[in-house]
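In what follows, every chain begins at residue 1, and chains take the letters A, B, ... in the order their sequences are listed.
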2 protein chains.
Amino acid sequence: MAVTGIKEVARRAGVSLGTVSNVLNRPDSVAPATRRRVLDAIDELGYVRNDSARHLRAGSSRTVAIVVLDVSNPFFTDVVQGAEAVVEAAGGMLVVCNSGQDPAREGRHLATLEEQRVRGLLITPVENGRHERLERLVDRGIPVVLVDRGSGQLNRCSVAVDDVLGGRLAATHLAELGHRHIAFVGGPASIAQVADRHAGAAAALTEHGGGIELEVVETKALSVTAGRQAAEDICALPQARRPTAIFCANDLLALGVLQGLTIGGLRVPEDISLVGYDDIDFAAAAAVPLTSVGQPREQLGRTAAQLLLEEADTDAAHGHRHVVFQPQLVVRQSTAAPRRRTR
Amino acid sequence: MAVTGIKEVARRAGVSLGTVSNVLNRPDSVAPATRRRVLDAIDELGYVRNDSARHLRAGSSRTVAIVVLDVSNPFFTDVVQGAEAVVEAAGGMLVVCNSGQDPAREGRHLATLEEQRVRGLLITPVENGRHERLERLVDRGIPVVLVDRGSGQLNRCSVAVDDVLGGRLAATHLAELGHRHIAFVGGPASIAQVADRHAGAAAALTEHGGGIELEVVETKALSVTAGRQAAEDICALPQARRPTAIFCANDLLALGVLQGLTIGGLRVPEDISLVGYDDIDFAAAAAVPLTSVGQPREQLGRTAAQLLLEEADTDAAHGHRHVVFQPQLVVRQSTAAPRRRTR
DNA sequence: ACGGGCGCATGAAACGTTTCACAAGGTAGT
DNA sequence: ACTACCTTGTGAAACGTTTCATGCGCCCGT
């Protein structure tokens, strides 16, 4: 009921303002008897600290924000959960903001977060390159950690997964199964992750030799719908010109492709092999469990959060680190050796 | 750079503290020339409002929180997006908290949010019934809207979907297709949604007459894994005792069941029909597109947020409303008439 | 017995806003 | 010319904390 604060508690317990504050923040420096009295008063009054006042005084807050591209992509929800665990363990709070790939929305979020004087920021920026607003936050002393984005910048930490290697793994797997005609499905190519995964695949195939063809099918988005569409195009090809394997930049895409292929009457993996990327839970749960390139999603979030808190706690200049994880190929049932072509 | 506030801006613009505040909050009450000068000063200094101070003074904040059971369930991410849209349009910020079905975690979140003096709270509580902490928030004057939970309580608004009706729709659909032996897969039964959906199905079948059997397969969770497990059990039954249709409490479950049936060599819908619930995007994208009971997920979130803001804006006592949406059956390819039993 | 330390409690100052009562000057109405 | 009012700007108070210099009493060691 009591909407008021520490003052009322102090009066009730018959102590001074400062003492109540001490009970709250440095309980050991208060005599047990006094402490008891204060705690009782707090209970009776139903007193709850006022965070705004606390942080106004303290200057910094205990909340950390994470800005993601798409809250409904399981990849990000897992990253969020990882970060959440670390932040909460440290007594903080993680607020999740969704930019939905929209730079304007991202901007609004950053503005609000700046006003809130958040403790730190985890972000997968919508756009690459210089980011004025982000620079400002950094200048202001708010630590920023880039998530799932290699960092050209040196003035902040970053956490990422080696997408080039991921692409290599997928392509090598297909090549070793004997595929000679592979399609890469993904897009838009402006997205760094997509470009890297493709580059990795291309490099691996070149090294592997044997003139393996890597055809690119560019999609508009990394979504299930986009994948289904791409699959339709592929089904329409005459069998001779049809790839025997598909590597998707993303599991959502791969699920769409799987669906499209099924509709088009092609079986996975008998007629065509399929590799996804991210290894989201739905990949394993698909009707044909997907072979996919796994990323340590939760760990990505955890590490990012750790780096952030570390930086936030370090008073002095802190050495910015760039952690890169290794992806891992998870082989399931969507890949197999190509059938002999009818000769 | 300037870490300081309004004061410095005032000095630079050669005006008083109050004037700067007016420029920020009531620009019209300031002469254009003065306003210009102040705005310039703000720009040059890179001044950014301090939210803590503002809210300390104002008493209430502009952030609204939503506490969900599982951030990685697409159902909730859609609800969140709906709420987000409304809150952001109103100039507020939505913070997403994940209780992960854990009452303790939920409690910690609520404690923090109470300290933050959030403007309002959207929540799908982990447990039903009286909720001490929630009561406290309400007493404190923080509006609370229950999401996806019918409200026994009358001291707050709620937004829900009629789960009993949803159950009826699913069961009726199957009965009309000619199924005589149906299984309900879901659990734990303590979850209100699960119980309601089952109750609806049972009621509909009774009314439909013809002695249709409704068998219950209780699961431990509403997850893909749990569904796969349940499907294995069903596959193990001798054909004569095997249901010809399955109604799942949840799409995640249904996806798991679909996978389990496929592994077990049963085809959907030829051998067995399958109905899910929620109509998440992955349901439409499954290898066999799922018939499912759709809920207006985003609208659920939007409405909840609207109710909340409305309550927060109303000074006087406000009439608590309970909005109930109608679910809708979405028929896709996972349901069909049962094959004639081999006689 | 005396000074130094230590343990505990105090109260005022400061954090950066917003608000509010008020002042100064100008304009208009009578 | 006088009052009344409007427009624009002012500065102090208040919001609820935390922090810090200070004070008071007590014990201990010499």
Side-chain angles (χ1 to χ4, degrees), chain A residues 1-39 41-42 45-63 91 112 114-119 140-141, chain B residues 1-39 41-42 45-63 91 112 114-119 140-141:
Chain A
M1 308 291 162
V3 189
T4 22
I6 240 183
K7 193 150 49 180
E8 199 140 336
V9 175
R11 174 149 19 111
R12 175 132 188 167
V15 298
S16 81
L17 265 182
T19 303
V20 177
S21 176
N22 282 334
V23 170
L24 258 28
N25 303 303
R26 281 173 301 277
D28 294 334
S29 77
V30 176
T34 323
R35 197 190 316 153
R36 223 351 340 116
R37 246 181 323 138
V38 172
L39 289 175
I42 287 179
L45 259 42
Y47 163 77
V48 172
R49 249 205 197 106
N50 182 326
D51 234 28
S52 298
R54 186 229 265 274
H55 292 145
L56 166 57
R57 180 63 234 242
S60 88
S61 102
R62 290 168 321 168
T63 85
T112 309
E114 196 176 351
E115 291 190 353
Q116 315 238 56
R117 305 288 196 266
V118 290
R119 179 100 181 278
R140 199 175 217 90
Chain B
M1 316 290 154
V3 188
T4 23
I6 237 181
K7 195 150 46 181
E8 198 139 338
V9 175
R11 175 152 14 114
R12 175 131 187 167
V15 297
S16 82
L17 263 182
T19 302
V20 177
S21 176
N22 281 334
V23 170
L24 258 28
N25 303 303
R26 280 174 304 276
D28 294 333
S29 78
V30 175
T34 322
R35 198 191 313 154
R36 214 11 323 122
R37 244 182 323 138
V38 172
L39 289 177
I42 288 180
L45 259 44
Y47 163 77
V48 172
R49 248 203 196 107
N50 182 326
D51 234 29
S52 299
R54 185 229 269 273
H55 293 145
L56 166 57
R57 178 66 232 240
S60 87
S61 101
R62 290 168 323 168
T63 83
T112 310
E114 197 176 351
E115 290 189 354
Q116 315 237 52
R117 304 287 195 269
V118 289
R119 178 101 182 278
R140 199 172 218 93

Toward the 5' end of DNA chain D, by each residue's nearest nucleotide, B:Pro32 or B:Ala58: B:Pro32
A:Thr19 vs C:dT10: side-chain N/O to OP1/OP2 distance below 4.0 Å: yes
Closest to the A:Thr34 side chain, choosing from C:dT17, D:dT18, C:dC8: C:dC8
Sugar-phosphate, base or nothing in reach of A:Asn22, heavy atoms under 4.0 Å: base
Straight-line distance of A:Arg117 CZ to A:Thr63 OG1, nearest 0.5 Å: 12.5 Å
Touch class at under 4.0 angstrom, heavy-atom based, for B:Ala31 against every strand present: sugar-phosphate
Touch class at under 4.0 angstrom, heavy-atom based, for A:Asp51 against every strand present: nothing
Side-chain N,O (A:Arg26) to OP1/OP2 (C:dC8) below 4.0 Å: no
Phosphate-side-chain proximity, B:Asn50 and C:dT17, N/O vs OP1/OP2 below 4.0 Å: no
Side-chain N or O of B:Ser21 closer than 4.0 Å to phosphate OP1/OP2 of C:dT18: yes
Whole-Å distance separating the CG atom of A:Leu17 from the C1' atom of C:dA12: 10 Å
Polar side-chain contact B:Arg54-C:dT17 base: donor and acceptor under 3.5 Å: no
Out of C:dT17, C:dA14, C:dA9, whichever nucleotide has its closest atom nearest the side chain of A:Arg57: C:dA14
Integer-rounded Å distance: D:dG16 P and A:Leu45 CG: 13 Å
Separation of A:Thr19 OG1 from A:Arg37 CZ (nearest 0.5 Å): 9.0 Å
Nearest listed nucleotide, side chain of B:Leu56, among D:dG16, C:dT18, D:dG9: D:dG16
Distance-minimising heavy-atom pair for A:Tyr47 and A:Ile6: CE1-N, 3.6 Å
